[in-house]
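Please read the structure below before turning to the comments.
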There are 2 protein chains.
Amino acid sequence: MTISEVSEKYGLPADTLRYYEKVGLIPPVTRKESGVRDYTPEDCGWVEFIKCMRGAGLSIETLTRYVALYRKGNRTLKQRKQLLIDEREHLQERMKQMQQVLKRLNYKIDMYEKEIVACEKKLLG
Amino acid sequence: MTISEVSEKYGLPADTLRYYEKVGLIPPVTRKESGVRDYTPEDCGWVEFIKCMRGAGLSIETLTRYVALYRKGNRTLKQRKQLLIDEREHLQERMKQMQQVLKRLNYKIDMYEKEIVACEKKLLG
DNA sequence: ATATTACCTGGAGTTAACTCTAAGTCAAGC
DNA sequence: GCTTGACTTAGAGTTAACTCCAGGTAATAT
């Protein structure tokens, strides 16, 4: 697959795909002899994984660390697992905070509804 | 309360508190005659609210719009409510995505555990 | 053969959200 | 009366994560 096809498929600009590769967020992409990128299904898998993780807020710095470990092979299994455990922890904390904010927004929206009704009553009365 | 007390209380740097006020993220803070900030409980309430909303990922741009509407008075009740409804929607989308990533992380961590066990068995056998 | 189009690289520019600096003011302690 | 320390401002600098640009190459259409 060409870079523009991958861009289309995952909704990421080609510039971003090149950037991700440059900083080591995905392993080096397969190339044609001419030097043009030719994404294999595995390359695509990395793109999908990284897009997903970035979408949940994992930092580029963290994800490049993960990819670097992956590229070192089997002896980094434990470190990779630990990295994912740490990130899961952060994720859960953020979700917990967001849950509280959600409740607060619900409450505020409710208050606004009541206040709007009260205001309209006053204007009619 | 002085700016350093508020900074301490909410864990936000004094510079950040000034910045928030400068960009309209919180309404202008009460001042002493000398021009020094002297946060009232209401000023503190805004700091707490903004800290909370920022923590959940609401943008400064969005929150300044909210504060600007608030400062226009009662006739912006409906717009404020709508803004909060929109933000709640975004928040829920992000939470949903994070929920999926959480599941994926759980799965991967599990796979790593199995793979580590398998590796260790091989080394012992 | 030439023109177009999609790709390449290195590096500069952008945006959001701070964070820091310099130069100045003001109240309190010695 | 002078120094110290916490405050003030405007504006410059930083960081993460892109995003764009200039100049060049390679394959394709005419």
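Numbers restart at 1 for each chain; the letters A, B, ... are given by sequence-line order, proteins then strands.
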For Tyr107(A), which fellow cluster members are found when Ile, Leu, Val, Met, Phe, Trp and Tyr are connected by side-chain heavy-atom distances below 4.5 angstrom, either directly or through intermediates?
-> Met111(A)
Ignoring the backbone of Ser4(A), work out which of dC8(C), dT19(C), dC7(C) is nearest its side chain.
-> dC7(C)
Using a cut-off of 6.0 Å, state whether more than 12 heavy atoms not belonging to Glu5(B) lie near its atom CD.
-> yes
Can you spot which of Tyr70(A), Tyr20(A), Tyr39(A) makes a ring-ring contact (aromatic ring centres under 6.0 Å, His included) with Trp46(A)?
-> Tyr70(A)
Using the six-membered ring of Phe49(B), assess whether NZ or CZ of Lys108(A) lies under 6.0 Å from its centre and within 45 degrees of the ring axis.
-> yes
For Cys44(A) and Val6(A), which heavy atoms make the closest approach, and how far apart are they?
-> SG-CG2, 4.2 Å
Quick one: does Ser7(A)'s side chain have a donor or acceptor within less than 3.5 Å of a partner on Leu12(A)'s backbone?
-> yes
Got a list of side-chain donor-acceptor pairs under 3.5 Å for residues 83-93 of chain B, not counting sequence neighbours?
residue	atom	partner	partner atom	Å
Asp86(B)	OD1	Gln82(B)	NE2	3.0
Arg88(B)	NH1	Asn106(A)	OD1	2.6

Hey, is the main chain of Leu77(A) close enough, under 3.5 Å, to the side chain of Glu115(B) for a donor-acceptor pair?
-> no
Can you sort out which residues in residues 18-25 of chain B have a heavy atom within less than 4.0 Å of DNA chain D? Ascending by number, please.
-> Arg18(B), Lys22(B)
Spacing of Asp15(A) atom CG relative to dC7(C) atom P, expressed in whole Å | 12 Å
Rounded to 10°, the angle between the first-five-pair and last-five-pair axes of the helix from dA1(C)-dT30(D) to dC30(C)-dG1(D) is 20°
Do the non-hydrogen side-chain atoms of Leu63(A) and Ile60(A) ever get within less than 4.5 Å of each other?
-> no
Take Arg54(A) and Glu33(A), find for each the nucleotide of DNA chain D with the closest heavy atom, and name the residue whose nucleotide sits nearer the 5' end.
-> Arg54(A)
Is it the case that one hydrophobic cluster holds both Leu102(B) and Met98(B), taking links as side-chain heavy atoms less than 4.5 Å apart, direct or via other members?
-> yes
Do Ser59(B) side-chain atoms and Thr62(B) backbone N/O form a donor-acceptor pair below 3.5 Å?
-> yes
What residues 35-47 of chain B contributes to the DNA chain D interface at heavy-atom separation below 4.0 Å is Gly35(B), Val36(B), Arg37(B)
Taking heavy atoms of chain B and a 4.0 Å limit, find me the 5'-most and 3'-most nucleotide of DNA chain D within that range.
-> dC7(D) to dG11(D)
For atom CD of Glu113(B), is the number of surrounding heavy atoms from other residues, nucleotides or ligands below 6.0 Å larger than 12?
-> yes
Considering all heavy atoms of both residues, which atom of Gly57(A) and which atom of Arg94(A) are nearest to each other, and what is their separation?
-> CA-NH1, 3.6 Å
Send over the distance from Ile3(B) CD1 to dC26(C) P, rounded to a whole Å.
-> 17 Å
Find the distance Lys32(A):NZ to dA6(C):P and express it as a whole number of Å.
-> 13 Å
